[in-house]
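First comes the structure, then the notes that go with it.
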There are 2 protein chains.
Amino acid sequence: MIRNKTTEYALTILGFMATRNEDMYSAEYLHKQLNIPRRYLRRLLTDLSKHGFLKSTSGRNGGFVFAKDLEEINLDLVISTLERYDAINTCILGFSCCIVDKPCIMHDIWMEARSKMVEILSNTTLADLKEKYQMDLIKKL
Amino acid sequence: MIRNKTTEYALTILGFMATRNEDMYSAEYLHKQLNIPRRYLRRLLTDLSKHGFLKSTSGRNGGFVFAKDLEEINLDLVISTLERYDAINTCILGFSCCIVDKPCIMHDIWMEARSKMVEILSNTTLADLKEKYQMDLIKKL
DNA sequence: ATATATTACTACCTTTTTGTAGTATTTATA
DNA sequence: TATAAATACTACAAAAAGGTAGTAATATAT
């Protein structure tokens with residue numbers, strides 16, 4: 001499902017940004033807050049911009065902000081954008097079908113398990129996370 | 001969830017073996033059937049033996065058979081044996097928590113999504129796959 | 001204008017995962 | 001006992017993922 005650390009990083013970054021109220025997030029700031037390797041984080045932020053999640057501003061006081069509404073970004077979208085499935089020759093799940101049986105023996109059970117997961121992830125947007133985060137803050141008072 | 005191709009291979013191998021009725025499976029035979037790289041497959045089979053899923057017989061006519069009942073091997077067991085979670089410092093899900101929030105913002109939603117998946121996988125044994133496979137064969141007649 | 005704080009690009013290095021090679025060992029069979 | 005068909009072990013090679021470095025470009029502030 002989530003194969004890459006990069007995807008984890010991306011979720012962490014977007015989740016963090018979604019729940020705070022800064023006008024702008026610089027790579028340096030995010031690095032300090034999230035402890036993701038500085039240079040790698042930078043590259044990832046640029047990637048997230050290229051994929052349309054963020055938009056960047058160069059120069060002093062520059063940084064990153066969301067390129068679209070938080071409602072429009074669900075967790076499955078983030079994951080499926082960053083994980084590169086070699087879509088052909090594999091099950092949708094990223095589980096390569098064996099040659100003998102197509103679909104393979106695992107296919108059905110795997111699809112069932114995976115779809116449950118995807119259902120939850122795709123129904124959760126960054127806006128939901130933000131709301132939840134703020135509710136949690138209130139509860140703590 | 002499933003990060004490694006190795007895990008996919010393992011599931012493919014065990015699933016295949018569970019649904020056929022051979023007395024013994026040699027690496028060479030499995031290689032031809034499943035198209036997994038010969039040498040890598042061999043090593044993996046040895047690993048699966050060390051992990052107690054299979055037992056091996058050396059020498060001519062040797063090969064691999066299950067070391068325990070198919071009922072005792074569920075899919076989550078296979079996955080969690082082969083994927084090496086660096087259990088400490090990470091969520092149970094293998095998703096490293098960010099430093100700022102512990103548990104991280106994603107924690108709850110992720111646990112929910114993941115537990116649905118694990119529930120299905122851990123409730124499915126190789127015996128179930130075998131049964132399903134045979135039912136499917138009958139239906140085709 | 002110049003210095004400073006930021007992102008962008010490209011190339012490289014390191015670690016992990018995946019895959020290969022060679023040789024030794026085991027065991028049935030002719 | 002020799003041969004053939006298997007697994008076991010160890011080391012290495014290749015590919016992918018993760019991480020670093022240097023430099024260029026951009027924009028603000030002084």
Side-chain angles (χ1 to χ4, degrees), chain A residues 1-13 17 22-67 79 81-86 90 94-96, chain B residues 2-13 17 22-51 53-67 79 81-86 90 94-96:
Chain A
M1 183 64 220
I2 290 202
R3 297 180 109 99
N4 299 316
K5 212 165 187 177
T6 305
T7 309
E8 290 183 18
Y9 287 159
L11 287 172
T12 304
I13 294 165
M17 287 177 62
E22 308 291 333
D23 291 341
M24 183 77 92
Y25 297 83
S26 75
E28 193 56 25
Y29 174 70
L30 290 170
H31 163 67
K32 281 178 184 142
Q33 293 294 317
L34 301 175
N35 220 37
I36 298 169
R38 197 180 258 108
R39 292 308 198 97
Y40 201 61
L41 171 70
R42 288 245 209 100
R43 244 178 33 182
L44 181 49
L45 286 167
T46 305
D47 279 1
L48 289 173
S49 302
K50 283 182 182 157
H51 282 121
F53 293 113
L54 302 177
K55 60 188 169 201
S56 65
T57 319
S58 283
R60 192 162 182 161
N61 298 342
F64 299 84
V65 292
F66 281 104
I79 294 168
T81 302
L82 291 189
E83 305 274 319
R84 51 174 181 197
Y85 300 134
D86 353 352
T90 61
F95 177 68
S96 341
Chain B
I2 291 201
R3 297 180 109 99
N4 299 316
K5 211 165 186 178
T6 305
T7 309
E8 289 183 18
Y9 286 159
L11 287 172
T12 304
I13 294 164
M17 288 176 62
E22 308 291 332
D23 291 340
M24 183 77 92
Y25 298 82
S26 74
E28 193 56 24
Y29 175 71
L30 290 171
H31 163 67
K32 281 179 185 141
Q33 294 294 316
L34 302 175
N35 219 39
I36 298 169
R38 197 179 260 109
R39 292 307 199 97
Y40 201 60
L41 171 71
R42 288 246 210 100
R43 240 175 37 180
L44 182 48
L45 287 167
T46 305
D47 280 0
L48 289 173
S49 303
K50 283 182 182 157
H51 282 121
F53 294 113
L54 302 177
K55 60 187 170 201
S56 65
T57 318
S58 283
R60 191 162 183 163
N61 298 342
F64 299 84
V65 292
F66 282 103
I79 293 169
T81 302
L82 291 190
E83 305 273 318
R84 49 174 181 199
Y85 300 134
D86 353 351
T90 62
F95 177 67
S96 339

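Labels below follow one simple rule: chain letters A, B, ... track the order of the sequence lines, proteins then strands, and each chain is numbered from 1. Computed from a predicted structure; not experimentally measured.
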Arg60(B) vs Arg60(A), nearer the 5' end of DNA chain D by closest nucleotide: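 Checking each residue's closest nucleotide, the 5'-ward one belongs to Arg60(B).
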
Distance check needed: [N] [atom2] versus [X] [atom1], whole Å only.
{"X": "Leu54(B)", "N": "dA6(D)", "atom1": "CG", "atom2": "P", "value": "17 Å"}
{"X": "Leu41(A)", "N": "dT20(D)", "atom1": "CG", "atom2": "P", "value": "11 Å"}
{"X": "Tyr29(A)", "N": "dA5(C)", "atom1": "OH", "atom2": "P", "value": "18 Å"}
{"X": "Arg39(A)", "N": "dC12(C)", "atom1": "CZ", "atom2": "P", "value": "15 Å"}
{"X": "Asn61(A)", "N": "dT7(C)", "atom1": "CG", "atom2": "P", "value": "11 Å"}
{"X": "Arg42(B)", "N": "dT25(C)", "atom1": "CZ", "atom2": "C1'", "value": "13 Å"}
{"X": "Asn4(A)", "N": "dA15(D)", "atom1": "CG", "atom2": "C1'", "value": "14 Å"}
{"X": "Arg38(A)", "N": "dA8(C)", "atom1": "CZ", "atom2": "P", "value": "17 Å"}

So if I take every side-chain heavy atom of Phe64(B) and compare against dT3(D), dA8(D), dA11(D), which nucleotide ends up nearest?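 For Phe64(B), the side-chain atoms sit closest to dA8(D).
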
Closest nucleotide among dA17(D), dT20(D), dT7(D) to the Pro37(A) side chain: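 The answer is dT20(D), which lies nearest to the side chain.
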
How long is the gap from OH on Tyr9(A) to CG on Leu82(A), to the nearest 0.5 Å?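 So the OH of Tyr9(A) and the CG of Leu82(A) are separated by 13.0 Å.
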
Test log, rule side chain to side chain contact (heavy atoms under 4.5 Å, CB included), inputs Thr81(A) and Phe53(A): CA-CA 10 Å; Thr81(A) 302; Phe53(A) 293 113; 3.6 Å; yes

Touch check for [X], heavy atoms < 4.0 angstrom, all strands: base, sugar-phosphate only, or nothing?
{"X": "Thr57(B)", "answer": "sugar-phosphate"}
{"X": "Arg43(A)", "answer": "base"}
{"X": "Lys50(A)", "answer": "sugar-phosphate"}

Can you check whether [X] has a side-chain N or O nearer than 4.0 Å to OP1 or OP2 of [N]?
{"X": "Lys5(B)", "N": "dA15(D)", "result": "no"}
{"X": "Ser58(B)", "N": "dA6(D)", "result": "no"}
{"X": "Tyr40(A)", "N": "dA17(D)", "result": "no"}
{"X": "Thr6(A)", "N": "dG18(D)", "result": "yes"}

Got [X] and [Y] here, is their nearest side-chain heavy-atom distance under 4.5 Å?
{"X": "Glu22(B)", "Y": "Tyr29(B)", "result": "yes"}
{"X": "Arg42(B)", "Y": "Glu28(B)", "result": "no"}
{"X": "Leu30(B)", "Y": "Ile36(B)", "result": "no"}

